[in-house]
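Report on the structure given below.
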Amino acid sequence: KAGVTQTPRYLIKTRGQQVTLSCSPISGHRSVSWYQQTPGQGLQFLFEYFSETQRNKGNFPGRFSGRQFSNSRSEMNVSTLELGDSALYLCASSSGLANEQFFGPGTRLTVL
Amino acid sequence: DQQVKQNSPSLSVQEGRISILNCDYTNSMFDYFLWYKKYPAEGPTFLISISSIKDKNEDGRFTVFLNKSAKHLSLHIVPSQPGDSAVYFCAAAVDRTGGYNKLIFGAGTRLAVHP
């Protein structure tokens, strides 16, 4: 079974631009969650999508948004990028029930 | 406000000895706890979990202990191996919708196991 894949793996953007990151969950998994990891911080929950609906949301500004497609693939968008948005963005999938999440390798975003 | 705290940013242990990683939480609503291991340039890998109805869960060399009254959990690795060297994250969740998919993570502890 293929794992969680994320594209692109690395991205460099400038302040004010917007970016879209993509995540393909494990086949059969209907839940996709997004996390941000910055130096010195743990992983911070952004949001979770289940069956194309946002089910949970973290404490991030509205510049961070996401969506999920009918095939469970998910995208995350960040508009009006700021320097502080530089981070590793991780996507995790699960079946949506009470079990562990499986993480992808992440997308390393650098904002200049 | 950090709801999950890992107060030791790093830990160094000799191969074959026990590694003990600690985690404290403040939210008494948390009822599911997990440990993840992360190598550089990879996503976190699930290690072991525990529900709040238990106080111990074992899986091979890994054991997680939960002390609800102290809001404290720990991960024991016995015996420690060099391949265990990684960053370990503690995570907690509140079951709201039938799934534990909003995980709150600690800042991580970097474990170094040396020969």
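The shown structure was predicted, so the numbers you read here are calculated from the model rather than taken from an experiment. Every chain is numbered from 1 and lettered A, B, ... according to where its sequence line falls, protein lines coming before strand lines. Values reported hereafter were calculated over all heavy atoms of this structure, with side chains retained and with hydrogens, waters and symmetry mates removed.
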### Query
Is there a donor-acceptor pair under 3.5 Å between the side chain of A/Y35 and the backbone N or O of B/L103?
yes
### Query
Looking only at atom types and distance, does a side-chain atom of B/H72 sit under 3.5 Å from a main-chain N or O of B/C23, one as donor and one as acceptor?
yes
### Query
Should A/I12 and A/L112 count as side-chain neighbours, where that means a heavy-atom distance under 4.5 Å?
yes
### Message
Does any backbone or side-chain atom of A/L88 lie under 4.5 Å from a heavy atom of chain B? Answer side chain, backbone, both or neither.
### Response
side chain
### Task
Could you check which of A/R9, A/Q6, A/Q37 has the highest count of heavy-atom pairs closer than 4.5 Å to chain B?
A/Q37
### Message
I need the minimum non-hydrogen distance between B/S51 and B/Y32, along with the two atoms involved.
### Response
CA-CD1, 4.0 Å
### Message
Which atoms of A/L90 are under 4.5 Å from chain B, going by heavy atoms: the side chain, the backbone, both sets, or neither?
### Response
side chain
